[in-house]
Structure formats: C-alpha cells, structure tokens
Visitor: 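My questions will all concern the structure given below.
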Protein chains: 2
Amino acid sequence: MEPSIDAGASTRRAPTLHVRFSDTDAIPFPTRTVERGDALYCAGEPLRSLYTVQSGCFKTVATFPSSDDDSAPHTQVTGFHFENETLGLDGICTNRHESDAVALEASVVRIMPVGILEPLCREYAGMQHELLAIMSAEIVRASRLALMLGTMPARERVAAFLLDFAERLDAGATSSGGHPVDLLLPMTRADIGSYLGLELETVSRTLSKLQREGAIGLNGRQVRIVDRAMLEHH
Amino acid sequence: MEPSIDAGASTRRAPTLHVRFSDTDAIPFPTRTVERGDALYCAGEPLRSLYTVQSGCFKTVATFPSSDDDSAPHTQVTGFHFENETLGLDGICTNRHESDAVALEASVVRIMPVGILEPLCREYAGMQHELLAIMSAEIVRASRLALMLGTMPARERVAAFLLDFAERLDAGATSSGGHPVDLLLPMTRADIGSYLGLELETVSRTLSKLQREGAIGLNGRQVRIVDRAMLEHH
DNA sequence: CGGTGGATTGATCACTATCAAGTAGCGTGG
DNA sequence: CCACGCTACTTGATAGTGATCAATCCACCG
C-alpha cells in the first residue's frame, strides 16, 4: 500500500519533472496522429480524454484575457511535452481544457477517455496512485516554472531550460557523466522565450553568449552541451 | 457518473483558483493548530497527510538550489491558502513535501492522512473525482501564476493579486456588484513581492500609485478596493 | 523608551524589451 | 533551375521597467 519511499530521489533534481503514466501501457487505448502545427485540443473544449505522447512533441499554450480588453490577451507557453508524458490534466477541474496543446512535430498520442480512466483507478490502487502522482508532479513542474520566472535572470533561465531538456531526452542514457550531449530543439526561439518569460531576441542573444563562452555549441536548433558545469553554476 | 458540465463556469474567471475539498466534511479527521510564523510542514519531510485549512491562512514557499552554489538559493512564495483550501498536494509525486507551508496567522487545519484518503477515494467515485479536480485546479493555479510572472508588468500583477484576493474572500458575499470591498492582507509586502516575482519596494510603490490614482484605499495592510474597473482594465 | 520588523520614498543603475536591419534556410512557382 | 517570399534567427542601438542601495518613518513590544 505504501508507495516506495525513494520514488522521488531521481525526479527531484530536475528543474521540471517528467509526467509519465506507465501502468496503462498494457491497456489497448486507441491512438491518434497529429501533424506538426495542429492542435491536439484547444482551450474551452469539453474534456473527453487525457493523452499520453507516444512519439513526437507538444507545447501547451495558456491564454489569459488581458486586463486591457482591447489589447492582445496574455499568452504563454506553459510546457513542452515529450514521449511518455501525459497531457490534459489541467482540464479535470473545470471539465474543459484550460490550454491549447499544439504538436511541434508530427506526433502520436494514446487516447485515454476520462470516463474509463476514473473507474479504472478506483479498481486498481497502483493506477490511482500513479495518476495522483502524475498530477502532483505537474503541480511541482508548474510551480518550478513560476519560481524560475519569478527569481532567475535570463541567463539562468536559458541554462536551466537546456539542462532540463537534455535530462529529459537523456532519460536512460548516460545521465550525467558523458560530457558532450547533442540536442535538436523542436521549438522556435519564440516558443522558448514565451516559456521562459523572455523575448525571442533575448533567448537568441543568451544562447549566442553561452556559445562564445564555450558552454554550448550552437547551430540553429542544434545545440551541443559542451560544459555542463558552466551551465549549472555561475 | 459524468461530473456536472458547468462546474467550470464560475471558477474559470479568477486569476487563481480555489482549492477546496468538501466531500470530507462529514468525516471526523483530526485537527491541528499552527501558530503564526510556524511551519505546518517543511520541504523534504515525508508526506504523511494532506491538510485542509479550517481557519487562518498559510503561505507555501518553494526553494530551488541556486545555480551558483555559494550564493543564496532561489526561493519564492508559490501560493497563499485560505479557508477550505487544501495543502500538501505537491508532495504526492515524491512522497515528500516539495515546499514549506508557513502560517501567516494562528490557524487550524484538518489532517487527512494519505494512507486513508486513497482507499477512501477508491471506494467513493465522487470523492475520487473531487480529489482529482482539486489537484487539477492546483495545476491551473500554478500555471496561471507562471503566466502572470512571464507576461504581466508589475502594475498588472499587483492589481491581479488584489482582485484575486478580494474574490477569494468574497466567496459567498456580493461577488461583483458591491463597489467598496475592504481587505486585510495577512502577508507582508515581501511575501507579496516574492509571490509576484517583484521586490518589496516595487510592491509598495505600485500600491501607492494605485492609491494616488484612486483605484484603492491604502493604510498599511488594510486595502479598500474603490474602483474595481480601474484595477481590471488599463 | 529604545529596539525591531515592516513600510514608504528617493536616486541610481542594470537588465531586458523594443525597434530596426540584415542574414539564412526552405518550399513554391514561374 | 532560379527567383521569390516566407519564416526563423541573429545582431545592433536605444529606451524603459524594475532592482538595488539608502534614508526615513511608523507601529508594536519587551
């Protein structure tokens, strides 16, 4: 009954947490393909299902009506979601999606209808606990994003973003030892900036500076992490 | 089985959502009193229970190790929690509390051990759904905080904070019509600033400016919302 | 009655937004 | 095949917002 005590040891290090859902692997949920740039769902739509990314990558975009009615509403990328991460959790409270989910590349998701998921969780304690844990991790992830936006300067935000990204893709490979890690960012500078609360020019400038200092290699969306310590400290 | 469709209509307006848990009212969970300034729990402690505020007010404080080892770690108030709101949800994923919860005034909480709560939710569909909804609302709340920190200037952040605060206390009274609303802020300017990603001087300056413009009345921690429209727009 | 923590206000500075220009990659269509 | 237009990215110059440093005031309390 008691969940394993050390469950958090490996997940607490990252600036943002993964959100995974392994127990449902055995269940033959249907899948859906989403083309690059298309929305998996949009804010305001009734919540029918949760989705787990099987392949590809999504961004979730939150919109908030501007205090000034006539001007553009506030909008921000609130997360990037890769393989095995679960989407749609923010919609359970209102029974409607609270954000848009847009594919950054051609992607496939597993569809888990909420009407099926909840009874399943009532039957299987492990699955219930895992769903709760996933939602809790999403709370922590969002809180850490807020912390980042509230306390860190641009350079640290970009560095943290790169490290988090590397760590999430790394999951399984050499997590820390191997020095050079190559990333291929699926999102634009504007997406990164929106996520980090920065303008795209600031993101670009900061990346260039990190390159000049030798912390990373940079070629458009290809990023090589050369000196991890340089990103972590200083 | 299907939760009510319009559940979100009334909760989607606010910059931050309440987190309540009504189904457990009937169950005689024990309570605990926490003095002003004392911690209900601290980050890293094993998660034993969730807590619902019965009276009083808490702040939750998240800490993140600074990228620079020798300098102070990043720390931020990630939420304020009033009556009927639930604390500790961020700890489920790691089985340890991810933040500190500190009482802003003498407070009483209801203690709900997780080892009891999860089986209960497996038995009662309504309770399970409500727990999921509460956690989902917390995700939305944290995401909106991130959105606020990422996109809004100081003035809007402070205005949104005041409006949210008023709305949460108002719950039940005249929600929108009544013009003058009096608030007594339980937290310091530093707390507000930490929550909003601003320095305490900026919070103070912004409040003073809102007073000069006639949007609010101000006397230390007493705030009177004079012109709600002025806070909402412009 | 001094002391302490909280709040206000002022002066200055740094960081990042903004505006602007120019480059590079890429798919489309002449 | 190349010209075109589009989007993404980079880099520079300038301005603005909020941080920082500092002084003062105030209320509460031992």
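Side chains are part of it too, since the values below use all heavy atoms of this structure and drop only hydrogens, waters and symmetry mates. All values derive from a computational prediction rather than experimental measurement. Order of the sequence lines sets the chain letters (A, B, ...), proteins ahead of strands, with each chain counted from 1.
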Visitor: Figure out the CG/P separation between Leu200(B) and dG6(C), and round it to whole Å.
Guide: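 Result: 10 Å.
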Visitor: If you define the side chain from C-beta out and look only at heavy atoms, does anything of Tyr51(A) sit under 4.5 Å from Tyr41(A)?
Guide: yes
Visitor: Please report the distance, rounded to the nearest Å, between CD1 in Ile216(B) and P in dA7(C).
Guide: 14 Å
Visitor: Please determine, by modelled atom types, if Asp90(A) and Ser143(B) share a side-chain donor-acceptor pair under 3.5 angstrom.
Guide: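 Short answer, no.
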Visitor: For Val108(A), does its backbone N or O pair with a side-chain atom of Thr31(A) as donor and acceptor, under 3.5 Å?
Guide: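 No: the side chain of Thr31(A) does not pair with the backbone of Val108(A).
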Visitor: Could you check how far CZ of Arg189(B) sits from P of dT9(C), rounded to whole Å?
Guide: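 These atoms are roughly 10 Å apart.
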Visitor: Any non-hydrogen side-chain atom of Val34(B) less than 4.5 Å from a side-chain atom of Phe58(B)?
Guide: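 The answer is yes, as the side chains (C-beta and beyond) meet within the 4.5 Å cut-off.
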Visitor: For residues 206-213 of chain A, which residues have at least one heavy atom under 4.0 Å from DNA chain C?
Guide: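 Per residue number, the list is empty: none.
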Visitor: Could you tell me whether the side chain of Leu104(A) reaches within less than 4.5 Å of the side chain of Phe80(A), counting heavy atoms only?
Guide: yes
Visitor: Select one nucleotide: of dT10(D), dA8(D), dG6(C), the one nearest the side-chain heavy atoms of Thr188(A).
Guide: dA8(D)
Visitor: Rounding to 10 degrees, work out the angle separating the end axes of the helix from dC1(C)-dG30(D) to dG30(C)-dC1(D) (five pairs an end).
Guide: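 Axis-to-axis angle, ends of the helix: 30°.
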Visitor: Report yes or no: does Thr52(B) contribute a side-chain atom to a donor-acceptor pair with the main-chain N or O of Asn84(B) at less than 3.5 Å?
Guide: no
Visitor: Does Leu89(A) reach the side chain of Ser136(B), with side-chain heavy atoms less than 4.5 Å apart?
Guide: no
Visitor: Taking the side chain as everything from C-beta on, heavy atoms only, tell me whether Met135(A) gets closer than 4.5 Å to Ile139(A).
Guide: no
Visitor: If you define the side chain from C-beta out and look only at heavy atoms, does anything of Lys59(B) sit under 4.5 Å from Met187(B)?
Guide: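 They are not in contact (no side-chain heavy atoms under 4.5 Å apart), so the answer is no.
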Visitor: Within less than 4.0 Å of OP1 or OP2 of dG6(C), is there a side-chain N or O belonging to Arg221(B)?
Guide: no
Visitor: Are any protein N/O atoms closer than 3.5 Å to N/O atoms in nucleotides 24-28 of chain C? If there are, list each pair with its distance.
Guide:
none

Visitor: Side chains of Lys209(A) and Arg212(A): does their closest heavy-atom pair fall under 4.5 Å?
Guide: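 Lys209(A) reaches Arg212(A) side chain to side chain.
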Visitor: Take nucleotides 16-21 of chain C nucleotide by nucleotide from the 5' end and write B, S or -, depending on whether a protein heavy atom sits under 4.0 Å from the base, only from the sugar-phosphate, or from neither.
Guide: SSBB--
Visitor: Distance-only check: which donor-acceptor pairs under 3.5 Å involve side-chain atoms of residues 216-223 of chain A, not counting sequence neighbours?
Guide:
from      : atom 1 : to        : atom 2 : distance (Å)
Arg221(A) : NH1    : Pro186(A) : O      : 3.4

Visitor: When you measure from the side chain of Thr206(A) to the backbone of Thr202(A), do you find a donor-acceptor pair of N or O atoms at a distance under 3.5 Å?
Guide: yes
Visitor: Taking CD from Glu156(B) and C1' from dT17(D), how many angstroms apart are they, rounded to a whole number?
Guide: 13 Å
Visitor: Produce a footprint string for nucleotides 24-30 of chain D: one letter per nucleotide, 5' end first; B if the base is under 4.0 Å from any protein heavy atom, S if only the sugar-phosphate is, - if neither.
Guide: -------
Visitor: For a 4.5 angstrom cut-off between non-hydrogen side-chain atoms, does Arg157(B) reach Leu149(B)?
Guide: yes
